[in-house]
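To start, the structure itself, in structure tokens.
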Amino acid sequence: MEELSLNILDVVQNSITAQASLIEIEVDIDNHDFLTITIKDNGNGMDETAVKNALNPFYTTKSERNIGLGIPLFKQSAELTGGVFDIKSELNKGTVIKAVFDTNHIDYTPLGAVWDTVALLIQMNGKIDFVYTVKKDNQKFVCDTRKIKNEIGDLLLTDIKTIQLIKQYIEENHKQILKRSY
């Protein structure tokens, strides 16, 4: 994929399919130029066999196609940079996927416009709560739709003007914290 934000979109779609009501996306830059993306959900989760199958690109639970590239491509992207990939899941408790990327490696795929991805996910899934966090050093920004819904209500969360404001809010704070194009 051209941007890691598209990997995030694909992996989060799995969380939505797994009937998650809360999806947390965290982007963390450490002092050594490693980017860590963690996606955590409270969906149906998977047993050990399903976790192994999720790493197989020729396995999918979707009936309209017979390949599932989202998780395997995310894993490959991390490992190509010398990073690591981990997936933990428990039935009826949810799944945590963690990918670490060396941003100085020649095979590093840029993060891209993750604010567009998060805004789209929020707009298209108004009943699901999303928490987007970006961290670097001791700075941190969190966008939590539970707090937004509490302020403006569920109905306005899918309104195009509201989503544009949320996207702008995420983008400005994301760029402020990172002050570097990942």
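Along the sequence shown, the residues carry numbers beginning at 1.
In this structure, Thr109 contributes its side chain and Leu4 its backbone to no donor-acceptor pair below 3.5 Å. In this structure, Ser89 contributes its side chain and Gly94 its backbone to a donor-acceptor pair below 3.5 Å. Side-chain N or O atoms of Asn125 include none that pairs as donor or acceptor with a backbone N or O of Ile128 at under 3.5 Å. Using a distance-only test at 3.5 Å, with no hydrogens or angles considered, a donor-acceptor pair links the side chain of Lys149 to the main chain of Gly126. In terms of modelled atom types and a separation under 3.5 Å, the side chain of Thr81 and the main chain of Tyr108 share no donor-acceptor contact. With hydrogens and angles disregarded, no donor-acceptor distance shorter than 3.5 Å links the side chain of Asp129 to the backbone of Leu22. No donor-acceptor pair closer than 3.5 Å links the side chain of Asp33 to the backbone N or O of Thr103. Side-chain atoms of Asp137 do not come within 3.5 Å of backbone N or O of Gln139 as any donor-acceptor pair.
Judged as a salt bridge (Lys or Arg N to Asp or Glu O under 4.0 Å), and not counting sequence neighbours, Glu24 has no contacts.
Checked for salt-bridge contact, Asp144 and Arg146 meet the test: a charged N lies under 4.0 Å from a carboxylate O. The residues Lys147 and Glu151 are annotated as not salt-bridged, no charged nitrogen and carboxylate oxygen being separated by less than 4.0 angstrom.
When all heavy atoms are compared, the tightest approach of Ala119 to Lys167 is CB-CB, 3.7 Å. Closest of all the heavy-atom pairs between Thr95 and Gly45 is OG1-CA, 3.8 Å. Across every non-hydrogen atom of Thr38 and Lys98, the tightest pair is OG1-CG, 3.8 Å. Taking each heavy atom of Ile166 and Cys143 in turn, the nearest pair found is CG2-SG, 4.4 Å. In plain terms, the two heavy atoms of Pro72 and Ala54 that are nearest each other are CD-O, 3.5 Å. Closest approach of Ile16 to Leu121, counting heavy atoms only: CD1-CD2, 4.1 Å.
Residues Leu111 and Phe101 are not in side-chain contact: their nearest non-hydrogen atoms beyond the backbone lie 4.5 Å or more apart. The shortest distance between side-chain heavy atoms of Thr36 and Asp30 does not fall below 4.5 Å. Contact annotation: the side chain of Val134 never approaches that of Asn173 to less than 4.5 Å [non-hydrogen atoms, C-beta and beyond].
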Stepwise side-chain contact (heavy atoms from CB on, under 4.5 Å) check, Gln123 with Ile160: CA-CA 8 Å; Gln123 182 181 23; Ile160 190 68; 3.7 Å; yes
Before you tell me yes or no, could you show the steps for Gln168 and Gln164 under side-chain hydrogen bond (donor to acceptor under 3.5 Å, both in side chains), namely the whole-Å CA-CA distance, both residues' side-chain angles and the distance that decides it to 0.1 Å? CA-CA 6 Å; Gln168 182 180 4; Gln164 287 172 339; over 6 Å; no
Check the pair Thr117 / Glu3 against side-chain contact (heavy atoms from CB on, under 4.5 Å), numbers first and verdict last. CA-CA 11 Å; Thr117 299; Glu3 298 180 345; 5.8 Å; no
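Distance check, rounded to the nearest 0.5 Å: CD1 of Ile8 to CD1 of Ile23 gives 12.0 Å. Distance CG/Asn44 to CD/Gln19: 4.5 Å, rounded to 0.5 Å.
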